[in-house]
There are 2 protein chains.
Amino acid sequence: MLKEERQKYILDQVHLHHRVLLNDLADFLDVSIDTVRRDVKELAKEKKLKKVHGGATSFGFMNFTKDDGNIYLQSKKIQIAEKTVSLLSEGQVVLMSGGTTNMEVAKMIPRKLPLTVFTPSLHVAMQLLELPEVEVIFLGGKLLHEAKFAVGGTVVNALNQLRVDLCILGTGYLDAEAGLTEFDWEVIQVKRAMIRAAKKTIILSVSDKLHSVQKFQTCDLTAVHTLVTELDPSDPMLDAFRPFDLHLI
Amino acid sequence: MLKEERQKYILDQVHLHHRVLLNDLADFLDVSIDTVRRDVKELAKEKKLKKVHGGATSFGFMNFTKDDGNIYLQSKKIQIAEKTVSLLSEGQVVLMSGGTTNMEVAKMIPRKLPLTVFTPSLHVAMQLLELPEVEVIFLGGKLLHEAKFAVGGTVVNALNQLRVDLCILGTGYLDAEAGLTEFDWEVIQVKRAMIRAAKKTIILSVSDKLHSVQKFQTCDLTAVHTLVTELDPSDPMLDAFRPFDLHLI
DNA sequence: CTACTTTTTGCAAGTTTTTGCTGTTTTTAG
DNA sequence: CTAAAAACAGCAAAAACTTGCAAAAAGTAG
């Protein structure tokens with residue numbers, strides 16, 4: 001194997017995983033650890049990657065990502081948020097769930113757009129209050145410590161008496177067969193009520209979460225009207241969802 | 001696992017939850033507590049986070065209360081909060097309003113004290129959720145943009161069906177003759193309902209606000225059971241309030 | 001083809017970094 | 001004040017790194 005090839009592989013791995021272990025590289029490339037070490041040293045000198053004790057990382061590695069794991073996720077969420085915001089129009093009454101993707105949506109709503117938003121998420125509510133033209137109504141109830149999300153009978157009852165234009169459901173797990181799934185039973189109850197209360201339901205999902213299934217089902221895909229991902233609507237990854245009467249953007 | 005990965009995880013957790021325990025980190029990352037300690041020490045030296053006894057916190061933590069700039073005021077509020085916390089006991093069901101003094105109370109509640117707290121204040125709710133033993137129930141409704149406080153019929157109705165041990169009313173204006181006064185009519189409605197729902201009502205007031213009168217009256221002093229100020233209970237400034245059947249501390 | 005140089009690679013010895021463990025001191029909470 | 005938890009300092013083993021060197025591979029010129 002050529003040195004060029006080796007270094008290309010190393011760079012690819014760094015770009016893909018944002019970090020590599022020298023041992024793994026030596027193992028895979030079937031050369032001594034010293035050779036890999038020298039390669040990485042060279043690449044580091046050319047500023048193509050950053051050498052650290054025991055491995056190498058990409059440059060933006062230490063940048064903060066709210067979502068444990070990878071930095072690309074954040075930019076995907078921003079893309080999704082952009083598409084979602086484009087679906088909103090003046091005067092609408094909207095229901096928003098919690099989750100980091102919905103937070104991005106909240107951040108991205110134009111300052112001048114008048115909306116009425118109901119939400120059971122403390123974080124989303126907090127963010128929405130930055131917008132002077134948005135009337136924020138919090139769906140009160142028992143708050144979950146981790147998610148800072150209100151659950152329980154109070155929330156569900158309030159939702160049952162509500163009729164809104166749009167429901168925007170954030171982070172959930174999505175699969176063509178299993179539909180929308182969650183691991184928290186209490187959250188499910190709230191999300192179901194949210195879907196019932198809305199004329200249309202939009203689901204936001206980064207492509208990583210497509211085809212993932214969790215413990216409990218919130219609803220199946222027939223209950224959903226629009227699916228927003230960071231992918232192009234024609235992407236083959238979305239093929240499994242085409243049989244449903246879904247609007248993909 | 002690379003040191004960089006560990007440190008990135010630590011930083012992400014700090015940013016996400018505003019505070020982390022070294023034990024939790026060591027546990028999750030599957031390294032000794034010393035290693036985590038060293039990592040946190042390094043990150044602290046780089047000003048990426050703040051090291052505290054037993055864990056680490058992010059820098060901007062709890063900065064959503066705009067600093068009133070006045071250090072004396074702040075320390076007075078802390079004194080009041082200390083006194084107030086001493087009035088709480090295990091298992092109580094408490095109602096808390098908003099305001100900066102109440103925020104101090106929320107910060108000061110012991111981590112191990114089990115309570116159930118109802119509140120219409122986003123900030124107070126957010127702060128209380130840091131305490132694992134406190135069940136937080138948000139009184140949902142239309143949120144005021146400035147105060148981040150829920151008002152309106154929904155809140156009042158919920159309160160009318162509630163019966164709690166204690167109501168802690170934060171920043172209001174207090175005068176022996178005029179009683180408790182406010183300038184926001186909607187907030188008044190909520191505070192009245194809060195007082196009705198509680199067996200006992202505690203009022204927190206820095207001495208600066210004693211003998212001030214606002215536009216509308218929330219209630220008169222006969223509805224209040226305890227008045228907490230930063231002053232000594234024997235202070236002559238409190239003389240005007242002694243004719244009432246008030247507990248001064 | 002051969003002799004020579006240059007580059008690349010692996011190895012070994014010694015150094016540095018990292019990590020967990022020890023016992024001791026400091027801080028915290030009841 | 002006392003007991004428990006956390007922080008600290010020093011040590012030792014393991015892992016990673018460095019350097020120098022020699023063998024193998026590749027290139028070059030006569």
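Per chain, numbering begins at 1; letters A, B, ... match sequence-line order.
- Across the protein-nucleic acid pair, L25(B) atom CG and dA6(D) atom P stand 13 Å apart, rounded to whole Å.
- To the nearest 0.5 Å, atoms CG (D39(A)) and CZ (R6(A)) are separated by 4.0 Å.
- Atom CG in L29(B) sits about 11 Å away from atom P in dT19(C), given to the nearest Å.
- Separating the CD atom of E90(B) from the P atom of dG30(C) is a distance of 12 Å, rounded to the nearest angstrom.
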Would you tabulate the pairs of protein nitrogen or oxygen atoms and nucleotide nitrogen or oxygen atoms of nucleotides 13-20 of chain D closer than 3.5 angstrom?
unit_1  : atom_1 : unit_2 : atom_2 : d
dA16(D) : OP1    : N23(A) : ND2    : 3.3
dA16(D) : OP2    : N23(A) : ND2    : 3.4
dA16(D) : O4'    : H53(A) : NE2    : 3.4
dA16(D) : O3'    : G54(A) : N      : 3.2
dC17(D) : OP1    : K51(A) : NZ     : 3.0
dC17(D) : OP1    : V52(A) : O      : 3.4
dC17(D) : OP1    : G54(A) : N      : 2.5
dC17(D) : OP2    : R37(A) : NH1    : 2.2
dC17(D) : O5'    : R37(A) : NH1    : 3.1

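- Of the charged side-chain nitrogens involved, none lies within less than 4.0 Å of a carboxylate oxygen, so that R38(A) and D34(A) do not count as a salt-bridged pair.
- A straight line from CD of E42(A) to P of dT7(C) spans 12 Å, rounded to a whole angstrom.
- In this structure, D24(B) atom CG and dA6(D) atom P are separated by 10 Å, rounded to whole Å.
- Taking atom CD on Q7(B) and atom C1' on dT17(C), their separation rounds to 13 Å, with Å as the unit.
- For the pair T101(A) (side chain) and G170(A) (backbone), a donor-acceptor distance under 3.5 Å is absent.
- Each end of the helix from dC1(C)-dG30(D) to dG30(C)-dC1(D) yields a helix axis from five base pairs, and these two axes differ in direction by 40° (to the nearest 10 degrees).
- Two residues are said to be in side-chain contact when any heavy atoms from C-beta on lie closer than 4.5 Å; L210(B) and F241(B) meet this criterion.
- With H145(A) contributing its side chain and V134(B) its backbone, the two residues share a donor-acceptor pair below 3.5 Å.
- More than 12 heavy atoms of other shown residues, nucleotides or ligands fall within 6.0 angstrom of atom CZ in F216(A).
- Taking side-chain N and O atoms only, T35(B) has no distance below 4.0 Å to OP1 or OP2 of dT19(C).
- Between the CE atom of M1(B) and the P atom of dT18(C) there is a distance of 16 Å, given to the nearest Å.
- Residues S205(B) and E230(B) come closest through the heavy atom pair O-OE1, 4.2 Å.
- Rounding to whole angstrom units, CG of residue D39(B) and P of dT17(C) are separated by 16 Å.
- With respect to K45(B) and E42(B), no salt bridge is recorded, no charged nitrogen being found less than 4.0 Å from a carboxylate O.
- Applying the 6.0 Å contact sphere to NZ of K142(A) captures no more than 12 heavy atoms from other residues, nucleotides or ligands.
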